[in-house]
Amino acid sequence: MKISYNATAQLVIALIVILVVSILINNLTLNLIKTGLGFNFSWLFRPASFALAEHPLPYSPSDSYAWALFIGWLNSLKVIFYSLLLSTLIGTCFGLFRIGKNALLRLVSAGYIAIIRQTPLLLQLMFWYFVAILGIKKSIISPMGNLLSISNQGINLLGVTLSAEFTSLLLGLSVFTSAYIAEVIRGGINSVNKGQWESFRSLGLEESIGLYKIIIPQALPAILPGLTSQYLNLAKNSTLAIAVGYSDIYAINDTIINQTGRPIEAFIILLLSFLFLNLFISNGMEVLNSMVTRSTKL
Amino acid sequence: MPPIVKATNLTKSYSKGIFALDNVCISVEPGEVLVVMGPSGSGKSTLIRTFNGLESFDSGQLNILGITLEGHNNDERNIHRIRKRVGMVFQQFNLFPHLSIIENITLAPIKVQKKKKAEAEQNALLLLSQMGIESHARKYPSQLSGGEQQRVAIARALALKPELLLFDEPTSALDPERVNEVLDAMRKLAEQGMSMVVVTHEINFAKEVGDRVLFMDSGKVIETSTPDIFFLNAKHERSRKFLNQIKK
């Protein structure tokens, strides 16, 4: 009785979904016919005829739209990858401060997390771009001689130049995500039984060794799923690059839509590229997760 | 020989007027087995946890193996020095679940005493065979019974060759038929002359192995007697009432 009821319910839901999707596709097709645009991707191979400030591979305005999109995708990957590393580093530090013995660091960390989590990312990006980077009055600040120089043109670190746009996006995404990662780390560590701390302390083990050998391995299974969510959010939030004028895939896509009037094809490309990127991130984390779970025997 | 543990006017309160420890004065001699008894909330766990710095206290003085702890502003290094020489066994075993039995035992000797891995493992296997569980060396804690886990915990504490062993209700979390295997292991240690402070409700253990029984209530030491006197002819009304309750 129960099974047949479930089957009927599923059938009804499936029919509704198919109906809604068909209406949407029908609508889209009618509109495409009405505007006379049709649905094709041949425009991808026409010259883009716009310049890009940043391109990891050679690019000129005479290159195709497809190549411009690929450059945008590489720019996105670049900022996501480095933000991922930096946010994990900052987040782990603040997460550990938050549960540490030092009262001042605990307070600083709590304040940092509160301020960062309670203000919008867009506002923070604006701050990093317009106030922190473009706001530098003195032309060049070199705190470490030739190794590092900061100006309103960006940062020069060990001979590598990072543009003002890339730098502000990197800092904005990393700082924003780090506050959430700090809380994920804190939650994971707090999930470990208090007895484990007492146990390693009573054996005369140093706090740092105990944390590394005993607490973190047991906290990881609780940390990794939360960390994956934060990484996926970071990847999606990177599309706010458009606010600081960084040429990520979303910003380039936007320009292309304006020039070609092909939003549907362009959005399909955008959707698929983010889908693949996030599938890659979440599957990578899943592999890591299963490795950790297996090795900790929990 | 000076006492291994000497507590003078040890006092701790969590909130005003409620004392976890109330002017506790005790000493433990080398080779002695001191059994601490008392109703729950009487401060017995708090007391032995101050002996290795897991618990702080408000005032008074504590001397463990010649190292003095004050109520406040203790040098972390002093606490650390004490922990290297004092072993502790917990009610909930607190084995490291992600490490194998042998790794549980060798971690501290390798990291704290800088022993070579092979030497530490050899010693660990010896300890495990003394505890009668050498066949479990490569297993993980979750694969062992409670009694076996607690014997691993004892072996882990012994691996650092401690001068004093603290037991915080070591059999309270065990199935009744598993209690004796742990008590037997503790009995053997006492016979070998190990100095031990044992918080327990096991009357037979206290009678047979204890040199003295310390009875606590509301943070105060009510009486300290030999087991003969305590169990047959306790000096205090409060002690007799407690014994009547747990004999029922």
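Since the model is a prediction, treat every value here as computed from it, not as a measurement. Just so we're on the same page: letters track the sequence lines, and every chain starts at 1.
Of the atoms belonging to Arg156(B), heavy atoms from both backbone and side chain fall under 4.5 Å from chain A. Of the two parts of Ile209(A), only the side chain, counted from C-beta on, holds a non-hydrogen atom closer than 4.5 Å to a non-hydrogen atom of chain B. The parts of Phe96(B) that come within reach of chain A are both its backbone and its side chain, each placing non-hydrogen atoms under 4.5 angstrom from that chain. Neither the backbone nor the side chain of Gln113(B) comes within contact range of chain A; no heavy atom of the residue lies under 4.5 Å from a heavy atom of that chain. Neither the backbone nor the side chain of Ile79(B) comes within contact range of chain A; no heavy atom of the residue lies under 4.5 Å from a heavy atom of that chain. For Val86(B), the part lying under 4.5 angstrom from a heavy atom of chain A is the backbone only. With a 4.5 Å cut-off on non-hydrogen atoms, Lys101(A) touches chain B through its side chain but not through its backbone.
No side-chain donor-acceptor contact under 3.5 Å links Tyr250(A) and Ser238(A). Thr68(B) and Asn63(B) are linked by a side-chain donor-acceptor pair at a separation below 3.5 angstrom, with hydrogens and angles left out of the test. Under 3.5 Å, the side chains of Glu103(B) and Ser100(B) contain a donor-acceptor pair of N or O atoms. No hydrogens or angles considered: nothing links the side chains of Asp58(B) and Thr11(B) as a donor-acceptor pair under 3.5 Å.
Phe97(A) and Phe94(A) have perpendicular rings, their planes meeting at more than 60° on a 0 to 90° scale where under 30° would count as parallel.
At a threshold of 4.5 Å between non-hydrogen side-chain atoms, the residues Leu69(B) and Phe57(B) count as touching.
In terms of heavy-atom pairs under 4.5 angstrom with chain A, the leader among Lys111(B), Glu76(B), Gln92(B), His80(B) is His80(B).
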